[in-house]
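Values in this document were obtained by computation on a predicted structure and should not be read as measured data.
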Amino acid sequence: LKNGYEEKFALQIFEQIKGFGEYGFPESHSASFALLVYVSAWLKCYEPAAFTCALLNSQPMGFYAPPQLVQDAQRHGVEVRAVDVLVSQWDCGLEEGEARGVRRQARETDSDFTLHPSRFTPHNSTQPAIRLGLRMVSGLSGATAGRLIKARDEMLESFHTSRLTPHASPDFEELALSANLSRKDMNALAAAGALESLAGHRRNAAWLVAGIEKRLPVLASARIVEASIALPAPSEAQEIIDDYASAGLTLRRHPLALLRPRFDKHAFSTAEQLRDMPTKTPVHVVGLVTCRQHPGTAKGVIFVTLEDETGQINVVVWESLSRKQRRPLLEARLLHVEGMLEREGNVIHVIAENLVDRSRLIGNLNASSRDFH
């Protein structure tokens, strides 16, 4: 009105703005989300180690848990190194890696994030390795890790500046006492395999920390000499169980790789084999349950994600089947699905027709799933 426009015209403009408000926010939201997805996809393609490392340090978040993130990175050629009390920081970090021939080159016009198939040229290049951080150790607090890192770095600096022992490693007992680690803290580090560079396997590490205790000042400098004991190493299966219990993931073989010989006689298909099968193929699949979803708009359908040693398998469970087989659907940690393969382009689903709980085969493996978030 101050600018000389009539009230009728002003009201007409206001009504147009109200109309835009009906779709303007969704439109801007989808556009910004598309940009985030595009940039994330670029980073995952060309810098998979840094991308995965950042996601691990941002947990808990998102759709995929650390085990799936790590296994996906490994399948894309990224080396992932275990938690190590001598080198790990609190956060996961990047270290110099080995040339693995999986890096793809995109350097001419990186700034515009343009991707083209002709630029997907594998070449031998050094991709950083991911070093898991102390944050991955179940039961270890950030404050405790901070004391441990400070004490370790001071000891390493002392060793490196010494002419007598330039390449010496810290003694864990001295390190633990200097960092004021509790019995719980030491046991957590031993259980997570974080002491393997000092003690070897977990059983040796558990024996090592069992003998560490605070002593009176008058006895602090007294040297204790004990005969070394060679404990038998745990089996691979036990190591994997301990990995999941202490860090929620394993860098060893996938649990399904150990069980695969049992499944061969049942003609189970792997996630990798499904990619080469035509649609409408009857299949049997088995995998660790990593996710269950029940979207409100899916008319009662439950979506289940399984994981085996070769990848992920998406399973669709219709409402009628979920009512009949609710217990295996909701309780199984290792799920056997009999169903029909459905393919549309590169998108593959298994339409479930029968569910079997095979969790007894993985014993007390603590493989958790992300359910109904």
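- Once rounded to the nearest 0.5 Å, the distance linking CG of L198 with CG of L189 reads 10.5 Å.
- A side-chain donor-acceptor contact under 3.5 Å links R343 to the backbone of M277.
- Minimum interatomic distance between V80 and L251 (heavy atoms only, all atoms of both residues): O-CD1, 3.5 Å.
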Show, in sequence, the C-alpha distance, side-chain angles and deciding distance for I241 and N364, and conclude whether the side chain to side chain contact (heavy atoms under 4.5 Å, CB included) test is met. CA-CA 7 Å; I241 290 173; N364 59 347; 3.5 Å; yes
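- Taking the centre of each ring, F268 and H336 come in below the 6.0 Å mark.
- Considering OH of Y244 and CG of N366, their distance stands at 10.0 Å, rounded to 0.5 Å.
- Side chain of Q273 to backbone of T270: a donor-acceptor contact under 3.5 angstrom is found.
- Note that CD of E239 is 9.0 Å distant from CD of E236, once rounded to the nearest 0.5 Å.
- None of R252, R75, R260 except one satisfies the salt bridge (charged side-chain N to carboxylate O under 4.0 Å, His left out) rule with E309; the exception is R260.
- Under the 3.5 Å distance criterion, the side-chain polar atoms of T52 are left unmatched by any main-chain donor or acceptor of A49.
- Looking at S58, its side chain does come within 3.5 Å of a backbone N or O of A54 through a donor-acceptor pair.
- For S322 (side chain) and E319 (main-chain N/O), a donor-acceptor pair under 3.5 Å exists by modelled atom type.
- A donor-acceptor distance shorter than 3.5 angstrom exists from the side chain of N57 to the backbone of C92, with no hydrogens or angles considered.
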For T144 and L181, run side chain to side chain contact (heavy atoms under 4.5 Å, CB included): C-alpha distance rounded to whole Å, both residues' side-chain angles, the deciding distance at 0.1 Å, then the answer. CA-CA 7 Å; T144 298; L181 299 184; 3.6 Å; yes
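- Between the CZ atom in R323 and the CH2 atom in W318 there is a gap of 14.0 Å [rounded to 0.5 Å].
- Applying the 6.0 Å contact sphere to CD of Q16 captures more than 12 heavy atoms from other residues, nucleotides or ligands.
- Here CG of L288 is found 9.0 Å from CD of Q68. Values are rounded to the nearest 0.5 Å.
- Residues R275 and T310 approach most closely at NH2-O, 3.5 Å, considering heavy atoms.
- Partners of N187 by side-chain hydrogen bond (donor to acceptor under 3.5 Å, both in side chains), not counting sequence neighbours: none found.
- Taking a cutoff of 4.0 Å between a charged side-chain nitrogen and a carboxylate oxygen, D91 and R135 qualify as a salt bridge.
- Of the candidates I348, V283, V285, V285 is the only one forming a side-chain contact (heavy atoms from CB on, under 4.5 Å) with I313.
- Residues M155 and L195 share a hydrophobic cluster, clusters being chains of Ile/Leu/Val/Met/Phe/Trp/Tyr side chains in contact below 4.5 Å.
- Taking the side chain as every heavy atom from C-beta outward, V289 and R333 never approach each other to under 4.5 Å.
- Centroid-to-centroid, the aromatic rings of W42 and Y46 come within less than 6.0 Å.
- In this structure, V39 and L43 have side chains that are in contact, with non-hydrogen atoms separated by less than 4.5 Å.
- No donor-acceptor pair closer than 3.5 Å links the side chain of N3 to the backbone N or O of Y5.
- The two residues Q312 and A271 have their closest heavy-atom pair at O-CB, 3.6 Å.
- Taking each heavy atom of L231 and R203 in turn, the nearest pair found is CD1-O, 3.4 Å.
- Between K280 and E342 there is a salt bridge, with a side-chain nitrogen of the basic residue lying less than 4.0 Å from a carboxylate oxygen of the acidic one.
- The backbone N or O of L335 lies less than 3.5 Å from no partner atom in the side chain of R358, so there is not a single donor-acceptor pair.
- Using a cutoff of 4.0 Å between basic side-chain nitrogens and carboxylate oxygens, R81 and E79 are scored as salt-bridged.
- Atom CG of L258 and atom CG of L361 lie 12.0 Å apart (nearest 0.5 Å).
- S88 contributes no side-chain N or O that, together with a main-chain N or O of V83, makes up a donor-acceptor pair within less than 3.5 Å.
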Please lay out, stage by stage, how V317 and I351 fare under the test side chain to side chain contact (heavy atoms under 4.5 Å, CB included). CA-CA 6 Å; V317 183; I351 308 301; over 6 Å; no
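- Considering all non-hydrogen atoms of both residues, R292 and V304 come closest at CG-CG2, 4.4 Å.
- In the displayed structure, E15 atom CD is contacted under 6.0 Å by more than 12 heavy atoms of other residues, nucleotides or ligands.
- Checked against side-chain contact (heavy atoms from CB on, under 4.5 Å), S138 has no partners two or more places apart in sequence or in another chain.
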Side chain to side chain contact (heavy atoms under 4.5 Å, CB included) evaluation trace for M61 with L55: CA-CA 8 Å; M61 64 160 287; L55 290 180; 4.0 Å; yes
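- Considering all non-hydrogen atoms of both residues, L329 and L355 come closest at CB-CD1, 3.8 Å.
- Side chain of S359 to backbone of L334: a donor-acceptor contact under 3.5 angstrom is found.
- Remark: S246 engages A191, A192, R202 in a side-chain contact (heavy atoms from CB on, under 4.5 Å) (not counting sequence neighbours).
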